[in-house]
There are 2 protein chains.
Amino acid sequence: MAPISNGRLFFNEIPTGLPEPGKTTVYDTSETIDLDETSLGGGFLVKTLVLSIDPYQRGKMRDPNEQSYSAPYIIGEPLYNYGVGVVLRSEHPGIKPGTHLYGTMPFQQYFIRNESEKFTVLQDRIVGDEHNLPWSAYVGVCGMPGQTAYHGWKEFSKAKQGEIAFVTAGAGPVGSMVIQLAKRDGLKVIASAGSEDKVAFLRKIGTDVAFNYKTEKTLDVLQKEGPIDVFWDGVGGETLEAAIEAAARGARFIECGMISAYNGGVPYHVKNLTYIMSKELKISGFVVSSLHAKYLDEFYRQIPPMVARGELLYTEDIASGLENAGQAILDVQTGRNKGKSVVVVAQD
Amino acid sequence: MAPISNGRLFFNEIPTGLPEPGKTTVYDTSETIDLDETSLGGGFLVKTLVLSIDPYQRGKMRDPNEQSYSAPYIIGEPLYNYGVGVVLRSEHPGIKPGTHLYGTMPFQQYFIRNESEKFTVLQDRIVGDEHNLPWSAYVGVCGMPGQTAYHGWKEFSKAKQGEIAFVTAGAGPVGSMVIQLAKRDGLKVIASAGSEDKVAFLRKIGTDVAFNYKTEKTLDVLQKEGPIDVFWDGVGGETLEAAIEAAARGARFIECGMISAYNGGVPYHVKNLTYIMSKELKISGFVVSSLHAKYLDEFYRQIPPMVARGELLYTEDIASGLENAGQAILDVQTGRNKGKSVVVVAQD
């Protein structure tokens, strides 16, 4: 077969504010690949099927001298994130052609790897095709965001029936899973999102008090519907302050993201931190990978079957083609996406 | 016996800044009491021996409409705090004359109560006089401050040998106990205090890196000697920010006081809260009374004997006479006290 184009989305420049397509990220088609002939060097050739777009990627678009929990993207190289791909050819004894892999993948149509331990073989986790979910589900509700919600809720919520939870970014893939787990544990759930469509989705998945934080003041809602026993924080800043203000004594705060502080500017001044002591708050920051050893097997056993049976609902916002990934990245930072953002790079 | 004066320290006025003796608090000798004749109504008459002066008292000098974990002082009534007193007379079946009680007592030389369950009978806890400690020790190292340190360290530090702890207000009764518990658990201890005398005491009790936060920058010390795994916070504000900056991944923050925010003004803007998530910090606010059920018996069994044997060191700053309690309260807020502040109201 003749060489074909191997499209890539580069990290081009460190943004000061929002990541702009064509500036922060650039789509490039100059590389070609011969899928039949290219040398594998003992590894395996993967065709990228879906790539996840997540808020935390903004943190990787930083000056490499700034320390953080996740390595920075390198200028002039493709971005990368969680994805699902199918193995086209393999010289690796542990990886068979036709296998579907989940793991960190470059924003690139085809790529070669030889470290099999960095990927999850989805066929081993989902036992045949019985769940029959689209591959995109495995980067969302059944992937890292779903795992973030599941691990964090199990480890830190200490939820008791009848308590009240407040979930931010409730229509996102993490928040919507948290809401459904909280409802299954018998809590009253307050959740916020940034549009009327999203608020409708919050209601659909069982949220007791769903509101649009752009038209209603979070603190007012919490003071009316709280006090809150569990706070799932994907936002930080002024929302964190409101949650502290409305927290019940001994409330648990689960800090899984602070998107309000990701895109530059002076961070919001949270003025009521003394309540951490006087209200005996328990605040847990976490990164999902630290909890895989404890919860990942349980997650794969329980969650994909529940999603397949329709017992856990999710929404996706699908962009088709890697050339549209830069816009999808921007949309996730501004909240313009409706549901879990996924780029479908190719059909299976 | 003829009636004698029964001196009292009143709460006179809500302070906007520091609590001023003669203004915020007023000493009054207008009341008299006949110790032999006064009616007990089935209760018991107590002579106050020692009263504890603690930073958290400032929080009680507030507008009663502001909610907090601890009830506000009432204008025109005596202040109150932990103390030790001796029972002079009793009509209560459970309380014998000559018994020493520990508990919340009014800033008043003599008082009558009938709720025995609100006091700890020290003779039941310390088994005779074998420990032979002064009563003042039972409001400090063997009282609420010691219990705060003990309960909080046991519950939240998750300390492992070889880790690094940073203890603020290290020369105070809470901090100095925390330092000694941390050293016993095999940690390297960094601790701060606000004078050279106090720094000398930090060294005496085994602190590895003792510094004066007024002459050295906390962040500089922590960046040189950290990263820190456990942070004992009695200060908040800029010190909390420095600790977050220098925290190791997964560090435990124990929030037991925020004196930097007690005396008015705009609270310090802690600008690096996003690290709570990315460094996976675990922040626990607590109030000692919530942990008594779990740790108080163990505390009384272990700590007074260790103090009596000289295995746990402590210092006191003793004011003599209830008329000097107002100044002692102010000194604790400005850090002018040297060691645990206690007012000795009367000899046994």
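Note that the coordinates shown come from a computational prediction; the quantities given were computed from them, not determined experimentally. Here is how names work: the chains are called A, B, and so on, in the same order as the sequence lines, proteins then strands, and each is numbered from 1.
- Contact of A:Phe156 with chain B is made through the side chain alone, with heavy-atom distances under 4.5 Å.
- With values rounded to the nearest 0.5 angstrom, A:Leu273 atom CG is found 8.5 Å from B:Ile283 atom CD1.
- Closest non-hydrogen pair, A:Ser289 versus B:Arg249, comes out as OG-NH2, 4.4 Å.
- For the pair B:Glu255 (side chain) and A:Met277 (backbone), a donor-acceptor distance under 3.5 Å is absent.
- Residue B:Glu66 qualifies as enclosed at atom CD: its count of foreign heavy atoms under 6.0 Å is above 12.
- Annotation for B:Glu117: atom CD counts as buried by contact number, over 12 foreign heavy atoms lying within 6.0 Å.
- The heavy-atom pair separating B:Lys282 from A:Gly285 by the smallest distance is NZ-O, 2.7 Å.
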